[in-house]
Amino acid sequence: MAVMQGQAGATRVAVSLVLLLLASLTGGSPPPEPVSCARGTSDCTVTSTYGSFPDRAVCRAANATFPRTEKELVAAVAAAAASRRKVKVATSHSHSFPKLACPGGRDGTIISTERLNRTVRVDAARRLLTVESGMLLRDLVRAAADAGLALPHSPYWYGLTVGGLLATGAHGSSLWGKGSAVHEYVVALRIVTPAPASQGFAVVRELVAGDPDLDAAKVSLGVLGVISQVTFELQPQFKRSVTFVTRDDKDMAEKLSVWGGLHEFGDVSWLPRQGKAIYREDDRVDVSTPGNGLNNYIGFRAQPTLGLLTARKAEERLEENGTDVARCLAARLPAATFELQAYGFTNDGFFFTGYPVVGFQHRIQASGTCINGADDGLLSACTWDSRVRGPFFYQSGFSVAMPKVPAFVADMQRLRDLNPRAFCGMDAKMGVLMRYVRASSAYLGKAEDSLDFDVTYYRSYDEGTPRKHADVFDELEQMALRKYGALPHWGKNRNFAFDGVIARYPAAARFLEVKDRYDPDGIFSSEWSDQVLGIRGSPNVVGPGCAIEGLCVCSDDLHCAPEQGYFCRPGKVYTDARVCALERRRTRLVDEL
Ligand SMILES: Cc1cc2nc3c(=O)[nH]c(=O)nc-3n(C[C@H](O)[C@H](O)[C@H](O)COP(=O)(O)OP(=O)(O)OC[C@H]3O[C@@H](n4cnc5c(N)ncnc54)[C@H](O)[C@@H]3O)c2cc1C
Ligand SMILES: *[C@@H]1O[C@H](CO)[C@@H](O)[C@H](O)[C@H]1NC(C)=O
Ligand SMILES: *[C@@H]1O[C@H](CO)[C@@H](O)[C@H](O)[C@H]1NC(C)=O
Ligand SMILES: *[C@@H]1O[C@H](CO)[C@@H](O)[C@H](O)[C@H]1NC(C)=O
């Protein structure tokens, strides 16, 4: 029986894969530049790849430079430092959700690392690879493989740059060895910082293993200066063996405590409404193990623009006028489709014939083919391309220390059990992705071994429009951050998540000491970095509707949308939470039918 189902499944998989491959043959469109200037390289704006920061504003800068060499980079920093102008690094796509890419004020300078993307040095014998900071993770992974080496852990999306992913502490999933954060594999870097006039206003500082400043520079939010080059200590090439197993979620809380110990690259995705957990059994195997598997994650492939438009329209209709039943029905489709198509894994680069998928690390660790295609005139694009009115979403990511994970997960499940249908919005976006991250010596890295929770969810294009069941999402985040002391991912989340967070970093003072030494005038600091680092102001933007937008935690009905029936109320499981809850029904819904 199981075999027959397996065969039928495989046939369906093969057929749909062929269709998908055909679809992706049309190419793709490189994402838009985050920096755009009205006149040459002056009068510029900077935004993220989603075209919108949490406060929906666009940042301004007087001008932008695009250095090609370290020498040009030093000149750019010196020019800014000499005139004490604010300055900030933007990368080729700028994927961070918060306002990290904005220089302070409105007349700062943007330094783009887009053209700093070369391999500087390969030392295969010592397994060292030195690259420029604007290099994409995609190209880093390839350069390592070309030298017979492997970066053991990385984020799953390869459109990020080395400088950007380090600055925000980006990671994959592992509790083994040094863990999953890319910065754990940095053994040296060169960073350009402001300097006194006597030194020409800018200097290159070379930090090597053992230098305590490296623990500041490895995860820096970009406030110390511009990282020019990074040296990674890699491992010999290896292969991985990947299997996804879907089970019910009854023992998930206990399983999560041991899963990271059982599998070097293990992670777990939770579909709360469906009560399912998808366990990724992912282990290192010898390079001689047969298999040339490929991870081409479906969610990171180019999608036909028309499909993106249609999908968004349908999503908006459901969000605005649908019932819970209709929303929940629609929410089953993505996970079912992805499971059927093995999430985009194939055994040979073309077809999925069954688990395990065995393949080289560089073909498994990360993906992102939507940035690769030749320009097809926007016939297809990455799902989140801001030029297409397609899916628009928030992404929250926070890490809970391992000892607290079982209690947090039990609380999440309690909240789910109160009204499972409220969680369909999570199922619709592939649920909650849970990944392991080890404690770090980096001052702004994780203080303890942790489990990182990632949730993607609907965002309205219209400011102030409440989301359905936003109260459970908000309660969950407040519970993680406040009751369980979770740390928000620096490159994800909405404003309120960062309120008071710096107090949870035991080495924050040491970080700020390095910042004062490297950049005493704070030209690399912005309003946002000052707010999250606890230097000046609060990341919260308090005003009418702020809790609807995630810019504050409500303390007054006005922070919600009382005119639409949303009032500030306590959480249901974590009663210290304050969330915008729908109390008066504006229209007669037919949920109960
Ligand atoms: C589809 C997708 C998947 C993702 N998957 C993961 C994942 O699996 N794991 C994970 O941890 N995160 C993930 N992320 C989040 C991601 O790690 C962060 O958003 C990351 O910071 C973005 O990198 P970037 O190169 O776009 O940097 P940006 O967002 O452009 O920059 C981030 C910060 O770094 C600074 N900076 C950049 N380069 C330099 C430099 N050379 N010197 C000094 N400062 C610099 C910038 O000024 C800015 O302050 C994902 C994001 C997306 C969109
Ligand atoms: C940016 O503009 C400022 C002010 O006009 C100017 O001093 C500076 O030289 C400009 N920098 C670049 C790189 O154009
Ligand atoms: C650097 O970026 C350019 C432009 O995007 C690209 O053509 C080139 O292949 C990249 N170089 C490397 C080494 O990745
Ligand atoms: C929801 O219904 C209203 C009233 O019928 C309509 O005006 C609106 O366009 C609908 N919204 C969507 C997204 O279809």
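In this chain, residues are counted from 1 in sequence order.
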### Message
Using side-chain heavy atoms (C-beta onward) and a distance below 4.5 Å, is Leu476 in contact with Met412?
### Response
yes
### Query
Does some side-chain heavy atom of Gln365 sit less than 4.5 Å from a side-chain heavy atom of Leu137?
no
### Query
What's the verdict on side chain to side chain donor-acceptor pair (under 3.5 Å) for His469 and Asp324, showing C-alpha distance, side-chain angles and the deciding distance?
CA-CA 10 Å; His469 301 298; Asp324 274 355; 2.9 Å; yes
### Task
May I ask you to say whether Glu583 pairs ionically with Arg569, meaning some side-chain N is under 4.0 Å from a carboxylate O?
yes
### Task
Indicate, with yes or no, whether the SG-to-SG separation of Cys554 and Cys568 is under 2.5 Å.
yes
### Message
Does the plane of the ring in Trp259 sit parallel, tilted or perpendicular to the ring in His263? Use 30° and 60° as the thresholds.
### Response
tilted
### Query
Aromatic rings Tyr461 and Phe392: how do their planes relate, parallel, tilted or perpendicular, breaks at 30° and 60°?
parallel
### Message
Whether Lys429 engages the ring of Tyr458 as a cation-pi pair (distance to the six-membered ring centre under 6.0 angstrom, angle to the ring normal within 45°) should be assessed.
### Response
no
### Task
Give a yes or no on whether a salt bridge exists between Arg56 and Glu549, defined as a side-chain N under 4.0 angstrom from a carboxylate O.
yes
### Task
For atom NZ of Lys178, decide whether the heavy atoms of other residues, nucleotides or ligands shown that lie under 6.0 angstrom number more than 12.
yes
### Query
Can you find a pair of side-chain heavy atoms, one from Met434 and one from Asp452, that are under 4.5 Å apart?
no
### Message
Taking the six-membered ring of Phe265 as reference, does the cationic atom of Arg284 (NZ for Lys, CZ for Arg) lie under 6.0 Å from its centre and within 45° of its axis?
### Response
no
### Message
Regarding Arg363 and Asn295, do their side chains bring together a donor and an acceptor under 3.5 Å, going by distance alone?
### Response
no
### Message
Rounded at 0.5 Å granularity, tell me how far OG1 in Thr353 sits from CG in Asn347.
### Response
3.0 Å
### Query
Quick one: CD on Glu316 to OG1 on Thr465, what's the gap to the nearest 0.5 Å?
9.5 Å
### Side-chain ion pair, Arg578 and Asp474, N-O less than 4.0 Å
no
### Message
With a 4.0 Å cut-off on N to O distance, would you call Asp417 and Arg414 a salt bridge?
### Response
no
### Task
Heavy atoms only: give me the nearest Trp157-Cys370 pair and the separation to one decimal.
CH2-SG, 3.7 Å
### Query
What heavy-atom pair brings Val501 and Trp490 nearest, and what distance separates the two atoms?
CG1-CH2, 4.3 Å
### Task
Indicate whether any N or O donor in one side chain lies under 3.5 Å from an N or O acceptor in the other, for Glu264 and Ser174.
no
### Query
Is the centre of the Tyr457 ring less than 6.0 Å from the centre of the Phe473 ring?
yes
#### Entry: Arg332/Asp427 ion pair, N-O < 4.0 Å
no
### Message
Do Tyr185 and Pro152 make a side-chain contact, defined as non-hydrogen atoms from C-beta onward lying under 4.5 Å apart?
### Response
yes
### Query
Given side chains that start at C-beta, do those of Val455 and Met426 come closer than 4.5 Å, heavy atoms only?
yes
### Message
Can you give me the closest heavy-atom contact between Glu475 and Gly571, atom names plus distance?
### Response
OE1-CA, 3.3 Å
### Message
For Arg510, is there an ion pair with Asp215 - N to carboxylate O distance below 4.0 angstrom?
### Response
no
#### Entry: Close aromatic pair by centroid cut-off 6.0 Å: Phe53 and Phe97
no
### Message
Parallel, tilted or perpendicular, judged at 30° and 60°: which one describes the rings of Trp270 and Phe423?
### Response
tilted
### Query
So do Cys424 and Cys328 have their SG atoms closer than 2.5 Å?
yes
### Query
Is there side-chain contact between Phe567 and Cys560, with at least one heavy-atom pair below 4.5 Å?
no
### Query
Less than 4.5 Å apart, any side-chain heavy atom of Val532 and any of Asp499?
no
## Note on the structure
Rounded to the nearest 0.5 angstrom, the CG-OG distance for Leu433 and Ser173 is 7.5 Å
### Message
Whether Arg435 engages the ring of Tyr156 as a cation-pi pair (distance to the six-membered ring centre under 6.0 angstrom, angle to the ring normal within 45°) should be assessed.
### Response
yes
### Task
Start with the C-alpha distance between His171 and His183, add both sets of side-chain angles, then the distance that settles ring-ring contact (aromatic ring centres under 6.0 Å, His included), and finish with yes or no.
CA-CA 8 Å; His171 56 83; His183 54 82; 9.1 Å; no
### Summary
Correct closest heavy-atom pair for Pro466 and Gln564 would be CD-OE1, 3.4 Å
### Query
Salt-bridged, Glu477 to Arg494, with N to O below 4.0 Å?
yes
### Closest approach of Val400 to Ala486 (non-hydrogen atoms, all atoms of both residues)
CG2-CB, 3.9 Å
### Message
Any donor-acceptor pair under 3.5 Å linking the side-chain atoms of Lys446 with those of Ser399?
### Response
yes
### Query
Does CZ belonging to Arg312 count more than 12 external heavy atoms closer than 6.0 Å?
yes
### Message
Exactly one of Tyr343, Phe352, Phe338 should register a ring-ring contact (aromatic ring centres under 6.0 Å, His included) with Phe244. Which one does?
### Response
Tyr343
### Task
Identify whether the distance between the nearest side-chain nitrogen and carboxylate oxygen of Asp411 and Lys483 falls below 4.0 Å.
yes
### Query
Taking the six-membered ring for Trp, are Tyr297 and Phe345 ring centroids under 6.0 Å apart?
no
### Message
Please report whether the ring centroid of Trp528 lies less than 6.0 Å from that of Phe498.
### Response
yes
### Task
Indicate, with yes or no, if the rings of Tyr158 and Phe300 have centres closer together than 6.0 Å.
no
### Query
Which atoms form the tightest heavy-atom contact between Val187 and Phe232, and what is the distance?
CG2-C, 4.3 Å
#### Entry: Donor-acceptor pair between Gln237 and His362 side chains, under 3.5 angstrom
yes
### Query
Is there side-chain contact between Leu444 and Leu221, with at least one heavy-atom pair below 4.5 Å?
yes
### Task
Look up atom CZ in Arg273 and atom CG in Asn419, then write down how far apart they are to the nearest 0.5 Å.
9.0 Å
### Task
Working to the nearest 0.5 Å, report the span between CG of Asp248 and CD of Gln274.
12.5 Å
